[in-house]
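Atoms within a ligand are numbered from 1 in the order they appear, just like the ligands themselves.
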Amino acid sequence: MTTSFGSAASRQVVRELQAAGYEAVFVGGAVRDAELGKKPLDIDITTSATPSQVKEVFRRTIDVGIEHGTILVLMHGEPIEVTTYRTEATTSDACYPVYVASLREDLQHRDFTINALAMTVDGELIDLFDGLEDLQRKVIRAVGKPEERFQEDPLRIFRALRFSSVLDFDIEMETLHSMRTRLPSLHHVAIERIKTEMDKLFQGQNPSRAFHYGREIKLPEQFPELFAAFESLDRYTPFLHARHGFSAMLVVTDTPATELARLFKLSNDEKRFLKQCEEAYAKRKHRAFDSWDFYIYPTDILEVVGKIFNANHEDYDISKEQIEQYKKQLPILQRTDLSFTGKDLLRWSGKSAGKWTSDWIMKIERAVVYGHIKNDALAIKEWFINEISREK
Ligand code: ATP
Ligand code: MG
């Protein structure tokens with residue numbers, strides 16, 4: 001294994017903690033990913049120092065997650081997370097850290113063996129629960145007794161599904177068995193935590209694997225409102241991304257976008273995306289997209305709706321490049337490209353401003369997009385005067 005694990009700044013944090021007399025090692029997902037040959041995103045350090053001791057060692061710190069025992073250390077401007085050895089105690093409505101004396105006790109209460117690996121600053125792997133062997137055999141296995149791990153934090157049931165997708169790993173039999181028996185306790189987990197794992201699941205290497213295990217533990221039966229879609233999302237797996245996962249759920253379950261957004265507490269941005277998907281899909285079910293659709297919907301909406309539709313009908317496939325090509329061929333790309341303004345309409349009609357103005361801008365915009373009128377002030381004026389006089 002490489003001796004230069006982590007960034008220079010994160011190694012310095014470990015060394016300074018050690019120089020102050022504390023234990024400190026790298027831990028968790030970063031070690032796992034490094035062993036898999038992947039570049040870790042966020043690096044976690046675990047230490048015997050308490051949060052207040054960590055704050056004494058470093059000049060610049062931020063109390064980001066002090067309630068979980070985590071302090072953010074700013075080293076050469078780089079934020080490094082340092083967490084005190086701990087286990088998580090979960091009550092029905094709160095999680096709080098219980099500090100423990102040794103690295104072993106900390107690792108003992110992590111979720112899976114592959115996530116319970118640690119590494120010293122010199123690049124020596126600390127593998128107390130055979131996590132390396134499980135990594136090599138591509139197995140997700142709870143640390144110690146699975147029942148106990150899932151009882152400590154039922155979210156881990158869903159995390160196992162997430163990792164089966166992200167890493168494309170099997171779930172070990174006893175672990176899977178406990179997931180099935182402990183599943184009802186997932187009801188007590190905050191939906192925000194589940195949603196975070198869902199996003200990662202959708203973006204994993206093999207979401208179908210997670211859907212399969214979800215069915216094995218009877219997730220759709222026990223949580224029909226949230227997870228009925230696990231019965232039939234497989235065919236969409238080649239193109240699921242965070243948001244696209246929820247778009248596919250929309251279609252397979254017939255759950256309205258607003259309802260899905262409410263159930264999973266989606267952000268306003270995600271909700272808007274989903275509502276647009278819903279609207280565009282409703283159109284696409286009846287007919288191919290026309291110029292107006294290519295004009296009003298962003299490329300990613302057209303892309304995901306096209307793909308979801310294609311997964312069901314197999315007579316239509318549209319690539320991102322094709323969508324961009326269609327968009328380029330439109331006479332205008334946005335309203336501000338129109339070669340007239342509301343003021344022109346007032347002048348041409350001699351009327352005063354009112355709701356009619358925006359209605360007519362929209363009408364003209366459509367006519368231009370469909371190619372019925374050229375985007376040219378004179379042509380628009382002529383068309384407008386003609387139409388408005390017919391309306392009287
Ligand atoms: P990712 O690559 O998605 O960040 P990760 O393994 O780093 O995956 P995190 O959610 O960032 O996952 O958590 C970091 C580490 O903390 C995990 O590797 C695991 O050791 C531990 N951990 C996180 N959440 C839990 C949990 N609910 N129960 C037990 N251990 C957990
Ligand atoms: Mg992480």
Problem set entry | Mode of R156 contact toward ligand 1 - side chain, backbone, both, neither (heavy atoms, under 4.0 Å) | side chain

Exercise. Is the shortest side-chain N to carboxylate O distance from K275 to E278 below 4.0 Å?
Worked result: no

For this session: Given side chain to side chain donor-acceptor pair (under 3.5 Å), test E16 with Q12 step by step and report yes or no.
Result: CA-CA 6 Å; E16 288 190 20; Q12 176 146 3; 2.8 Å; yes

Problem set entry | Nearest neighbour in protein (non-hydrogen) for atom 14 (C) of ligand 1 | D44 OD2, 3.9 Å

Seminar exercise, completed: So for E152 against ligand 1, with non-hydrogen atoms under 4.0 Å, the contacting part is neither

Exercise. Does a side-chain heavy-atom distance below 4.5 Å link Y295 with E365?
Worked result: yes

Exercise. How close does the nearest protein non-hydrogen atom get to atom 30 (N) of ligand 1, and which residue and atom is it?
Worked result: D111 N, 3.3 Å

Seminar exercise, completed: Residues passing the side chain to side chain contact (heavy atoms under 4.5 Å, CB included) test with Q205, sequence neighbours excluded, are D168

Seminar exercise, completed: the Mg ion (ligand 2) has as its nearest N, O or S atom from D42 the atom OD2

Problem set entry | Sub-6.0 Å ring centroid separation between F246 and F202 | yes

Exercise. Is F163 touching ligand 1 with its side chain, its backbone, both, or neither, if touching means heavy atoms under 4.0 Å apart?
Worked result: side chain

Exercise. What class does the angle between the rings of F384 and W356 fall in, given that below 30° is parallel, 30 to 60° is tilted and above 60° is perpendicular?
Worked result: parallel

Problem set entry | Side chain, backbone, both or neither: D153 near ligand 1, heavy atoms under 4.0 Å | side chain

For this session: Tell me which protein heavy atom sits closest to atom 7 (O) of ligand 1, plus the residue, atom name and distance to 0.1 Å.
Result: G29 CA, 3.4 Å

Exercise. What protein heavy atom sits nearest atom 11 (O) of ligand 1, and how far away is it?
Worked result: D42 OD2, 4.0 Å

Exercise. For atom 16 (O) of ligand 1, which of R32, R110, Q203 has the closest heavy atom?
Worked result: R110

Seminar exercise, completed: Of all protein heavy atoms, the one nearest atom 10 (O) of ligand 1 is R159 NH1, 2.9 Å

Exercise. Hey, does R162 sit under 4.0 Å from ligand 1 if you only count heavy atoms?
Worked result: yes

Problem set entry | Set of salt bridge (Lys or Arg N to Asp or Glu O under 4.0 Å) partners for R159, sequence neighbours left out | D111, E197

Exercise. Within 45 degrees of the axis of the six-membered ring of F150 and under 6.0 Å from its centre: does R182 put its NZ or CZ there?
Worked result: no

